[in-house]
Protein chains: 2
Amino acid sequence: MPVTLKDVAERAGVSPSAVSRTFTEGASVSARTRAKVERAAEELGYMPSALASALSTGRTKLIGLVSNNFHNPVFLEVFDRFTRGLQERGLRPLLVNLSDETDPANSVRMLRQYSADGVIVASSTLPPSFARAFADAGLPVVHAFGRATPTPEVHVVGIDNVECGRMAARALVACGYRRVAFLGGPASATSTQDRGAGFAGEIAQHPGITATESHAEAYSFEAGRAEMQRLLAAGKPAEAYFCGDDVLSIGALSALEDAGLSVPEDVGLIGFNDMEMAGWQNINLTTIRQPILEIISAAIDLVVTTADDPGLGPKARLFPCQTVERGTLRTPAAS
Amino acid sequence: MPVTLKDVAERAGVSPSAVSRTFTEGASVSARTRAKVERAAEELGYMPSALASALSTGRTKLIGLVSNNFHNPVFLEVFDRFTRGLQERGLRPLLVNLSDETDPANSVRMLRQYSADGVIVASSTLPPSFARAFADAGLPVVHAFGRATPTPEVHVVGIDNVECGRMAARALVACGYRRVAFLGGPASATSTQDRGAGFAGEIAQHPGITATESHAEAYSFEAGRAEMQRLLAAGKPAEAYFCGDDVLSIGALSALEDAGLSVPEDVGLIGFNDMEMAGWQNINLTTIRQPILEIISAAIDLVVTTADDPGLGPKARLFPCQTVERGTLRTPAAS
DNA sequence: GATTATTATGCAACCGATTGCACGCTTTCT
DNA sequence: AGAAAGCGTGCAATCGGTTGCATAATAATC
């Protein structure tokens with residue numbers, strides 16, 4: 001039913017090869033045949049089959065976009081940017097949702113079956129081994145928002161979470177808080193581990209300042225809210241909290257307000273991510289901004305590069321973060 | 001490099017056909033050959049190429065998931081459910097982001113090139129003609145969250161937005177509000193048009209009650225907030241607002257609070273969608289719930305059915321909505 | 001204008017599967 | 001035991017393109 005290359009060839013009075021070459025960038029075709037072919041194609045409404053083409057060239061232009069973050073609104077922006085970025089480069093995002101799975105095997109299998117040109121794992125919670133499973137299967141992979149080790153197992157594009165933890169600690173110290181705490185995401189998330197470690201490490205440099213740590217069950221508003229409620233019920237909350245993600249901060253904020261505490265007067269709060277909501281006037285969250293756009297753009301570039309030249313060793317590309325001062329920490333002057 | 005069917009056949013000492021049949025549901029293979037083939041496949045780590053298979057069967061198991069809603073957090077849940085639902089049925093979501101485009105031509109072309117088995121347009125703002133472009137190109141299509149006309153042009157799964165507008169109106173009337181308003185999304189969104197029409201229609205039944213209408217520029221927090229600020233600045237706000245979406249309500253709520261007005265004492269608010277945040281204690285938004293899960297599940301079923309049997313005429317499947325009473329409308333008793 | 005270098009084109013094999021058809025073998029029935 | 005029916009298997013064509021190679025056509029060179 002659909003128009004094939006052969007149909008076009010027949011109509012244009014040329015060989016199938018000529019037609020194929022007309023649609024292949026940089027192939028050798030004379031202006032006259034090209035014109036004939038293009039006219040015939042136009043008349044017939046021809047459209048090359050990406051499948052057939054992929055079968056012989058080995059390239060599908062399909063990029064697996066693998067994630068388990070379907071509850072953090074920040075990731076809506078992440079998906080938005082990834083899909084647009086990929087589309088702009090003529091690539092197609094094949095979305096893989098592994099909310100239910102912890103084992104990469106299924107995703108690896110399916111992306112290999114479709115012979116995806118590359119894979120982007122977009123998650124701040126998955127361990128490096130997860131992304132490596134794709135690499136082991138021969139798929140070019142980039143872990144966006146992943147953990148960067150000195151000797152990365154796979155390409156990583158993201159931020160230095162340990163340093164970010166330190167930044168948060170410094171911000172709290174600068175404001176004069178003396179009993180601070182880290183309210184992290186799930187303890188299994190690498191991002192939380194690293195941010196927590198950086199935070200604790202920096203605080204340890206300051207004798208007289210104490211830091212505690214606890215964890216929400218997920219990176220979600222509800223979990224942040226529940227954890228803060230637990231902390232409040234347990235009594236004696238810290239003077240200021242570094243939350244592992246803005247969603248946790250905002251959940252915590254709502255718990256604090258419900259408890260009749262005011263921020264930053266009674267309790268200080270610094271978040272992470274600078275999601276859209278953080279800037280709302282009635283939230284106005286002090287937070288640490290990670291450059292999502294740059295990360296995504298770099299991740300796409302890197303996966304494309306790797307697909308073209310699988311040779312190069314794992315690279316970690318980290319972007320600096322920035323503290324965004326708003327209204328949930330008391331001013332240093334007031335300390 | 002990768003293991004092919006032929007390799008397995010050779011190793012198992014059978015013909016390629018035998019191997020293919022082993023992996024084809026319901027094909028005729030003897031137990032002995034099947035065992036041989038399975039062992040050989042196992043040893044070689046064979047994995048059928050979805051591309052090659054698609055080329056000969058004509059089925060790719062690829063479903064285009066087309067949307068332009070990448071700024072409303074509700075859609076994160078929508079994507080989550082769609083991807084999981086598709087994966088459970090052995091289908092793969094090929095995500096198409098048309099935030100920038102208003103013309104379906106590009107999406108149609110690319111989904112045809114990949115010969116997607118079907119397309120789901122997930123959007124409450126696109127006109128029916130958009131979805132029809134896919135149908136015209138021969139792609140089975142279902143418009144989820146779309147507008148249902150008496151004689152639909154394509155399959156639609158969603159809700160009766162006009163009736164929802166009436167529900168909202170009834171809720172406001174029941175609370176005794178006399179000057180009400182509809183704060184809709186973009187005027188071009190079909191969902192807003194219909195909700196507004198239902199709302200106005202119902203209010204018109206009640207002499208003495210007046211309704212006005214205005215529009216936010218997008219379905220987003222910021223837009224809702226900005227529009228409410230504009231209304232407040234213009235003076236004399238309505239007694240209660242029906243917002244075309246929870247994100248608008250929550251944006252509006254923040255504008256009201258900033259202005260020192262309290263809800264529901266000074267201004268009543270009813271939203272639409274019942275997104276997760278609507279239930280937060282410090283928001284506690286009265287809203288109208290649309291059954292997202294059922295809609296998504298039905299949309300997937302319908303697109304699969306249509307792919308198997310393209311014959312059947314366009315069908316509209318609508319689900320009832322429900323008013324969720326929380327705390328942003330004054331109680332009827334108090335009227 | 002003859003000769004060489006270059007560019008265009010077609011042929012045919014191939015990418016990795018599926019499937020209609022024909023044939024051989026085992027069952028089943030009379 | 002012989003015929004009819006049924007199952008299992010392999011052959012070969014096909015899905016819709018791509019591409020190396022050989023050759024034909026054109027351009028460049030002297």
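Since the structure is predicted, the reported quantities are computational estimates derived from the model, not experimental observations. Here is how names work: the chains are called A, B, and so on, in the same order as the sequence lines, proteins then strands, and each is numbered from 1.
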Out of dC15(C), dG17(D), dC11(D), whichever nucleotide has its closest atom nearest the side chain of L55(A): dC15(C)
F79(A)-F70(A) aromatic ring centre distance below 6.0 Å: yes
Aromatic plane relationship, F130(A) with F134(A) - under 30° parallel, 30 to 60° tilted, over 60° perpendicular: tilted
Touch class at under 4.0 angstrom, heavy-atom based, for V19(B) against every strand present: nothing
T57(B) side-chain N/O to dT18(C) phosphate OP1/OP2 under 4.0 Å: no
Closest to the S56(A) side chain, choosing from dT18(D), dG16(C), dG20(D): dT18(D)
Sorted by number, the residues of residues 5-13 of chain B with heavy-atom contact under 4.0 Å to DNA chain D: none
Touch class at under 4.0 angstrom, heavy-atom based, for S28(B) against every strand present: base
Side-chain heavy-atom pair R132(B), V141(B) within 4.5 angstrom cut-off: no
Side chain of T24(B) (C-beta onward), nearest among dC21(C), dT18(C), dA17(C): dT18(C)
Sugar-phosphate, base or nothing in reach of Y46(A), heavy atoms under 4.0 Å: sugar-phosphate
Sugar-phosphate, base or nothing in reach of S20(B), heavy atoms under 4.0 Å: base
Residue met sooner reading DNA chain D from 5', once P2(A) and S17(B) are mapped to nucleotides: S17(B)
